[in-house]
Participant: 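Next up is a structure, given as structure tokens.
Numbered from 1 within each chain, the chains take letters A, B, ... in sequence-line order.
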Amino acid sequence: MYDKMFPPKQIVLPSGKVVYQKRTRLPLIAVIVIAAVYYSVELTDFNLHKLVTRIGEFFVLIDAMIPPDWSSWHKMSTALLDTLQMSLLGSLLGSLLAVPFAIAASSNIVRSRIVVALFKTILSLLRTLPTLVTALIATFVFGLGPMAGVVAITLFTISYVGKLLYEQIENADMGPFEAMESLGMTRIQAFRNAVVPQVLPGYLSTSIFCFEGNVRYASILGLVGAGGIGLLIKEDIGWRDYPGVGMIILALVVTVYLIETVSEHIRKKLI
Amino acid sequence: MMTTVERQLLTSPRKIWYRLAITFIAIILIGWSVGAVSFKDVNQSGFQIAFNIVKGIVHPDLDLLFNVSKQSVPYLLVQTLAIAFLGTIVGGILSVPLAFLAASNVVPRPVAWLTRLLLIVIRTIPELVYGLMFIKVATGPLAGVLTIGIVSIGMLAKLYVDAIEELDVKVLESMTSIGCTTFEKIRYGIMPQLLSVFLSVTIYRFDMNMREASILGLVGAGGIGAPLIFAMNSYKWDQAGSILIGLVILILLIELVSNKMRARLVKG
Amino acid sequence: MIAFINVNKTYANGTTALNNINVSIEQGEFVAVIGLSGAGKSTLIRCINRMHDITDGQLLVDGVDVAKLKGKQIRRFRRRIGMIFQSFNLVTRATVINNVLVSLVPDLPMWRRVTGIFSSNQKLKALEALEKVGILDKAFIRVDQLSGGQQQRVALARTLAQSPDIILADEPIASLDPVTAKLVMDDFKRINQEMNISVIMNIHHVEIALEYADRIIGIRQGEVVFDGRAAEVTKDVLSYIYGGKMEEAAASAEERAFHVR
């Protein structure tokens with residue numbers, strides 16, 4: 001369409017040959033971006049002067065967190081373990097439940113187009129909802145506490161692992177599957193023997209990666225009452241107990257780093 | 001005498017203990033995690049609420065969804081979009097110097113290592129903790145922009161570093177032979193390589209930031225999160241329903257556009 | 001004219017790369033430099049445009065003493081000498097025409113250098129260069145969409161756009177399959193004859209060197225052991241240049257081509 005409004009530029013070479021150069025879209029893109037920035041600044045009350053004068057406060061806060069309050073370790077460690085427990089169970093349930101969803105959403109396994117489209121839509125809708133919103137809804141249904149967090153993490157894991165898994169299944173080499181069907185196996189048997197070995201390492205790796213991310217998400221779910229360390233963060237900041245917040249952040253950084261290292265090690269071995 | 005087959009069998013690596021240990025650890029972890037399940041708080045009202053939520057989504061508050069006042073869904077969605085957009089730009093700009101400081105082919109190893117450590121710390125701290133801290137600096141949407149900016153840095157800088165470390169430096173040799181200065185080599189040899197990768201990564205992050213920005217309201221940092229929570233806490237499920245519908249549609253739209261744009265950047 | 005007068009080159013680690021080289025090349029010659037890997041072919045070529053410094057002796061290019069040039073003078077000197085590489089060395093994420101335009105950059109005014117906005121005259125020059133190597137139709141496509149042979153032609157066009165007197169080529173066809181290699185060599189030959197540009201080329205494929213070049217220089221352990229017309233190269237000459245390792249040389253050439261493909 002753009003090319004119709006601004007027809008390509010004609011360049012004639014001395015030899016008589018003619019080349020057409022498409023008009024660059026750069027001016028249009030620049031106008032859009034500048035307009036977007038202008039209206040965003042308006043809508044968010046973005047104010048550089050205020051930012052420069054007030055940003056110091058942020059570093060005052062960080063300064064107040066150092067050194068961390070080591071004595072809060074005991075109170076914090078139980079909440080941290082709760083968080084880990086929530087994310088582990090949520091990731092486990094989520095990745096198991098993701099399997100039927102992913103299979104139902106794979107166009108090369110399920111013949112019905114309607115079923116495939118339906119499950120793909122469910123997965124992308126689930127992925128759209130921020131985990132915290134799901135957790136909030138879950139607290140109304142399952143009551144305050146870790147159970148709501150587990151449900152939220154499970155739902156997110158289904159959507160994430162499910163999407164990557166159906167992409168892997170759809171990209172799998174279907175030659176062996178056909179061969180096994182021709183041997184007289186049912187579609188399920190052929191899937192078990194031809195597709196599963198191809199996607200299993202990828203599936204496990206995605207699940208572990210998702211768990212890694214879930215630990216990070218789980219640590220804020222407490223803010224809406226869904227259990228774990230988030231509640232403690234909210235309370236400590238509310239009471240201006242910054243050394244306590246510092247301790248929580250330190251513990252989180254160390255834990256997440258450890259989990260990341262272990263998970264990276266395992267994932268490298270898998271692929 | 002052993003046959004070759006038997007000998008081969010014996011030389012196959014004995015992984016049985018390793019595997020047993022892994023299985024054992026996995027079972028213990030799974031058993032422990034099941035402790036988080038408890039249905040004691042699920043009662044009749046839980047199901048009633050679940051039913052009400054579904055009802056709210058099916059019968060949303062249409063007036064809220066379509067009018068254009070400052071409390072309406074469209075206005076709040078655009079504000080959320082603005083927070084995500086500006087936050088992505090702030091994060092993207094701040095990530096560039098950090099990425100160069102973390103690239104082992106640009107700066108000495110200790111500097112790169114220290115910057116990487118800083119990036120890990122930035123990345124680990126949950127978004128809402130930044131939100132809670134930034135509302136002490138500025139109120140409302142501005143705090144949201146800063147929060148989105150800083151959470152973007154963690155991922156953007158890491159992916160920028162990968163692009164910098166994968167730079168094709170052979171181009172620079174040919175530019176030397178053409179007679180280019182160092183400035184010209186950076187402008188025409190390095191920038192074209194980095195720009196498209198940086199852009200593609202940043203657009204992807206914008207897509208993610210849309211989701212992050214939608215919950216900032218929880219800590220008072222602007223966007224659609226706050227009205228959503230108010231609506232839920234006061235059991236106004238039709239309002240919550242209309243907000244959720246608007247949010248889902250917007251996020252899906254952004255995802256679609258971002259995928260299209262990135263595909264074009266990759267293919268050229 | 002390029003003249004090597006008693007040129008020596010020793011690397012910092014003590015290895016002698018060039019040993020008492022005395023060669024002179026007239027304007028418009030097509031010279032192929034052959035020899036084993038590590039014999040000093042690359043070093044010889046790279047001394048001409050001062051990508052390497054010589055340790056001893058004198059190297060004159062059209063009367064200019066290359067070793068005496070400094071900073072900006074070196075860059076201006078290099079403008080007249082094009083260079084082609086085995087791995088093309090293009091910005092693969094930029095369009096073909098932008099890659100060609102790079103060779104015009106050093107002559108531009110400051111504001112154009114910063115913004116990267118080129119005049120239509122400059123674009124025309126780049127397009128003409130592309131026409132000469134027969135890939136005009138690919139001008140606005142990104143380089144990563146092109147085949148190896150097409151990419152080497154883009155590199156050739158980039159060199160032509162700077163209107164050089166001399167083109168140095170360092171294994172230009174080592175990464176190409178035999179058919180494409182011939183096409184690229186045809187381009188070199190045409191440019192050499194029609195535009196009277198000197199071509200000095202390192203090459204592993206002896207048969208192709210003999211087919212296209214006017215003159216062959218054989219290098220062995222940093223010394224020129226043969227210098228004469230292609231027709232004068234006999235089996236004995238080759239086995240002397242390659243130190244009786246002719247088979248090995250052919251095998252390594254084949255292997256390299258195989259790897260890249």
Participant: Could you look at Leu81(A) and say if it's the side chain, the backbone, both or neither that has a heavy atom under 4.5 Å from chain B?
Facilitator: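 Both the backbone and the side chain of Leu81(A) come within 4.5 Å of chain B.
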Participant: Would you confirm whether Asn171(A), through its side chain, and Glu167(A), through its main-chain N or O, come within 3.5 Å as a donor-acceptor pair?
Facilitator: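 Yes, because the side chain of Asn171(A) sits within donor-acceptor range (under 3.5 Å) of the backbone of Glu167(A).
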Participant: Could you look at Ile248(A) and say if it's the side chain, the backbone, both or neither that has a heavy atom under 4.5 Å from chain B?
Facilitator: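 Neither part.
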Participant: Checking Leu250(B) against chain A: side chain, backbone, both or neither under 4.5 Å from a heavy atom?
Facilitator: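 Contact with chain A involves no heavy atom of Leu250(B) at all.
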Participant: Give a yes or no on this: more than 12 heavy atoms of other residues, nucleotides or ligands lie within 6.0 Å of atom NZ of Lys120(A).
Facilitator: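 For Lys120(A), atom NZ is crowded (more than 12 foreign heavy atoms under 6.0 Å).
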Participant: In terms of heavy-atom proximity below 4.5 Å to chain A, should Leu252(B) be classed as side chain, backbone, both, or neither?
Facilitator: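 Its backbone and side chain both get close to chain A.
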Participant: Hey, is Glu255(B) close enough to Lys260(B) for a salt bridge, meaning N to O under 4.0 Å?
Facilitator: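 Salt bridge: no.
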Participant: Strictly under 6.0 Å, is that where the ring centroids of Tyr235(B) and Phe140(A) end up?
Facilitator: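 Centroid separation for Tyr235(B) and Phe140(A): below 6.0 Å.
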Participant: Of the backbone (N, CA, C, O) and the side chain (C-beta and beyond), which part of Val137(B) lies under 4.5 Å from a heavy atom of chain A, both, or neither?
Facilitator: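 Both the backbone and the side chain of Val137(B) come within 4.5 Å of chain A.
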Participant: Salt bridge check, Glu212(A) against Arg267(A): does any charged N sit closer than 4.0 Å to a carboxylate O?
Facilitator: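 Here Arg267(A) pairs with Glu212(A) in a salt bridge, since their nearest N and O are under 4.0 Å apart.
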Participant: Looking at Leu93(A), Leu132(A), Asp45(A), Val256(A), which has the largest count of heavy-atom pairs under 4.5 Å with chain B?
Facilitator: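 Among the listed options, the one with the most contacts to chain B is Leu132(A).
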Participant: Tell me, do Asn209(B) and Arg205(B) make a side-chain contact under 4.5 Å, heavy atoms counted?
Facilitator: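 Yes, side chains in contact.
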Participant: For Ile237(A), is it the side chain, the backbone, both or neither that has a heavy atom under 4.5 Å from a heavy atom of chain B?
Facilitator: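 Looking at Ile237(A), backbone and side chain both touch chain B.
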Participant: Does atom OH (Tyr39(A)) have a neighbourhood of more than 12 heavy atoms from anything else shown, all under 6.0 Å?
Facilitator: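 12 or below, so no.
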Participant: So what's closer than 4.5 Å to chain B heavy atoms on Glu260(A): side chain, backbone, both or neither?
Facilitator: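 It is the side chain, since no backbone atom gets that close.
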Participant: Between Val60(A), Ile55(A), Leu61(A), Ile233(A), which has the largest tally of heavy atom pairs under 4.5 Å with chain B?
Facilitator: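 Winner by heavy-atom pair count: Leu61(A).
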Participant: Just wondering, more than 12 heavy atoms not from Lys136(B) lying within 6.0 Å of its NZ?
Facilitator: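 Enclosed: over 12 neighbouring heavy atoms sit under 6.0 Å from NZ of Lys136(B).
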Participant: Is Ile83(B) in contact with chain A via its backbone, its side chain, both, or neither, using a 4.5 Å heavy-atom distance?
Facilitator: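 For Ile83(B), the contact with chain A is made by backbone and side chain together.
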Participant: Give, as side chain, backbone, both or neither, the part of Ile150(B) having an atom under 4.5 angstrom from any heavy atom of chain A.
Facilitator: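 Answer is side chain: those atoms of Ile150(B) sit under 4.5 Å from chain A.
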Participant: Name the member of Glu212(B), Met232(B), Gln79(B) that forms the most heavy-atom pairs with chain A at distances under 4.5 Å.
Facilitator: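 Sorted descending by pairs with chain A, the first entry is Met232(B).
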Participant: Measure distances from Leu92(A) to the heavy atoms of chain B and classify the residue's part below 4.5 Å as side chain, backbone, both or neither.
Facilitator: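 Side chain of Leu92(A) only, per the 4.5 Å heavy-atom cut-off to chain B.
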Participant: Tell me, for Leu81(B) versus chain A, whether the close heavy atoms (under 4.5 Å) come from the side chain, the backbone, both or neither.
Facilitator: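 Contact with chain A is absent: no heavy atom of Leu81(B) under 4.5 Å.
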Participant: Salt bridge check: are Arg240(A) and Asp236(A) linked by an N-O gap of less than 4.0 Å?
Facilitator: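 No salt bridge links Arg240(A) with Asp236(A).
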Participant: Counting only heavy atoms closer than 4.5 Å, note whether Val41(A) contacts chain B via side chain, backbone, both or neither.
Facilitator: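 Looking at Val41(A), backbone and side chain both touch chain B.
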Participant: Is it the backbone or the side chain of Val219(B) that comes under 4.5 Å from a heavy atom of chain A, or both, or neither?
Facilitator: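 Side chain only.
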Participant: Tell me, out of Ile120(B), Ile125(B), Leu142(B), who's got the most heavy-atom pairs with chain A below 4.5 Å.
Facilitator: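 It is Leu142(B).
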Participant: What part of Asn52(B) gets within 4.5 angstrom of chain A, counting heavy atoms only: side chain, backbone, both, or neither?
Facilitator: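 Looking at Asn52(B), nothing touches chain A.
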Participant: Answer with side chain, backbone, both or neither: which region of Ile249(A) has an atom nearer than 4.5 Å to a non-hydrogen atom of chain B?
Facilitator: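 Contact with chain B involves the side chain of Ile249(A) alone.
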Participant: Does any N or O in the side chain of Ser205(A) come within less than 3.5 Å of the main-chain N or O of Pro201(A), such that one atom is a donor and the other an acceptor?
Facilitator: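 Side chain of Ser205(A) to backbone of Pro201(A): no pair is present.
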Participant: Heavy-atom distance under 4.5 Å to chain B: side chain of Phe46(A), backbone, both or neither?
Facilitator: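 Contact with chain B is through both the backbone and side chain of Phe46(A).
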Participant: Is the backbone of Ala102(B) close enough, under 3.5 Å, to the side chain of Arg116(B) for a donor and an acceptor to pair up by distance?
Facilitator: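 Checked: pair present.
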Participant: Short question: side chain of Arg211(B), backbone of Arg127(A) - any donor-acceptor pair under 3.5 Å?
Facilitator: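 Yes; judged by distance alone, with no hydrogens or angles, the pair exists.
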